[in-house]
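Below is one structure; the comments refer to it alone.
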Amino acid sequence: MIPIAKPYLTADEAQAAYDTILTGWITQGPRVAEFEEKFAAYTGAKYAVAVSNCTTALHLAMIVAGVGAGDEVICPSMSYVATANCIKYVGAKPVFAEVIPSTYNIDPFDAEKKITSKTKAILIVHQIGMPADIDAFKKLADKHNLKLIEDAACAAGSSYKGKKIGSHSELVCFSFHPRKVISTGDGGMVTTNNEAYYNRMKLLRQHGMSVNDRVRHESSKIMFEDHVEVGYNYRMTDIQAAVGIKQLEKLDWIVSERRKIAMQYINAFKEIDCIRLHIEQEGYFSNYQSFSIYLKDNCPLTRNELMQKLLDAGVSSRRGIVNTHRETAYSTEYADLKLPVSENAADNSIILPLYIPMKQADIDKVIESFKMLVGVPVA
Ligand SMILES: *Cc1c(COP(=O)(O)O)cnc(C)c1O
């Protein structure tokens, strides 16, 4: 069976975790600080704050952006459910906008239509690694005096207009879950150029504690901490950070290897009339965290039939990104909401296996099985 995804982890990461465990410093400490510095430098952002996962990263971003009860935040419904959940955590209301069919990224025109006097922020998502049009949303945020937050859970290593994701706006949240391009088991990061946001997020992730363990540990004078606001325990451990540092060193290589496989799929499928691929426009550079295909009306099989037949042939696939407003946790509140583009996209998309290293024979098998099933003769 060809799996859908696999994290790229080697003896380097295992050794780094091993070495860290033996230092005796296993929760947030020097490795976390080093990972933050290196991640900030990689993205080109001034600061980075490591946290336990991207969901907690998004929660902190909402808090420091000042989003709270009674506010509305515009985001795509078509995303992983954590995107909307973090808005709920602060008592605000997710207002769902449509996506653009060619990229599945939030549509700036529809987002603008959804702005009301209660709108506080726009949360954009770089869907499965393809950057959203950040400049369009920056303009929109400026025009209406809104905060802009990026859910870049899938987008480590992607770039927009020649700059890495993480450097364009004030709050950019990343995930290191094994399903993303680099992993620390679980893990997350927020990059920012805003010093006040940076300092507050560092407090909030560690119980609101004024003195962190490392400073106290290294001090020659006795020190007592104060808890200056109600915070959280959203720490990353040094074991995870040590793995993350190794993963980060390989990130550009991992992305280039993933892109080689994506380009093979694109070349093999670009002439097929009954599907639509997500091709990068000029200025957009995807890490291809996933390879998604849209099945048009004239496709000989439904998406679910295709998934079953691929499975029968030994090829895993996934349905791709869901619509949050149709998930049970949201469907009552949003029962009257219709998002035809997002709903159609979610019902007719399929994600194919893409991971590294992927054997050429397996890439060929995915290509041939897919072509055969959508009725294209295989050479
Ligand atoms: C994976 C994902 C998340 C959640 O990331 P975790 O690190 O698992 O919390 C949030 N948003 C999007 C778009 C994702 O793909």
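Ligands are counted one by one from 1 in listed order, and the atoms in each one are counted from 1 as well. Note that the structure is a prediction, hence the values are computed from the model and not measured.
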Exercise for the section: Compute the centroid of each ring, for Phe35 and then for Tyr42, and state whether the two points are separated by less than 6.0 Å. Expected result: no
- Message: Within the structure, is a non-hydrogen atom of Gly188 found at a distance of less than 4.0 Å from ligand 1?
- Response: no
Within 4.0 Å of some non-hydrogen atom of Cys154, the atoms of ligand 1 are 15 (O)
- Task: Could you tell me whether Thr55 and ligand 1 have an N or O pair separated by under 3.5 Å?
- Result: yes
heavy-atom search around atom 1 (C) of ligand 1 in the protein gives Lys180 NZ, 1.7 Å
Worksheet item: Are Tyr89 and His59 an aromatic pair by the rule of ring centers under 6.0 Å?
Response: yes
**Asked** Does Glu36 pair with Arg205 as a salt bridge, N-O distance under 4.0 Å?
**Response** yes
Atoms of ligand 1 under 4.0 Å from any heavy atom of Ser79, numbered from 1 in the order shown, are 13 (C)
the protein heavy atom lying closest to atom 5 (O) of ligand 1 turns out to be Cys54 CB, 3.3 Å
Under 4.0 Å from one or more heavy atoms of Ser175, ligand 1 contributes atoms 5 (O), 6 (P), 7 (O)
Query raised in the report: Is the ring centre of Tyr265 less than 6.0 Å from the ring centre of Phe370?
Result: no
### Query
Looking at Phe285 versus Tyr160, is the centre-to-centre ring distance below 6.0 Å?
no
For Tyr80, the atoms of ligand 1 under 4.0 Å from one of its heavy atoms are 2 (C), 3 (C), 12 (C), 14 (C), 15 (O)
Note: heavy atom closest to atom 3 (C) of ligand 1, options Gly129, Ser290, Ala153, belongs to Ala153
Exercise. Report the relative orientation of the aromatic rings in Trp253 and Tyr8; use parallel for angles under 30°, tilted for 30 to 60°, perpendicular for over 60°.
Key: tilted
One finds that the ligand 1 atoms under 4.0 Å from a non-hydrogen atom of Val125 are 13 (C)
The atoms of ligand 1 lying under 4.0 Å from a heavy atom of Asn53, numbered in the order shown, are 7 (O), 9 (O)
* Between Glu368 and Lys365, is there a salt bridge with N-O shorter than 4.0 Å? -> no
Report yes if the distance between the aromatic ring centroids of Phe39 and Phe176 is under 6.0 Å, otherwise no. yes
Atom 11 (N) of ligand 1: closest protein heavy atom, distance to 0.1 Å, is Asp151 OD2, 2.8 Å
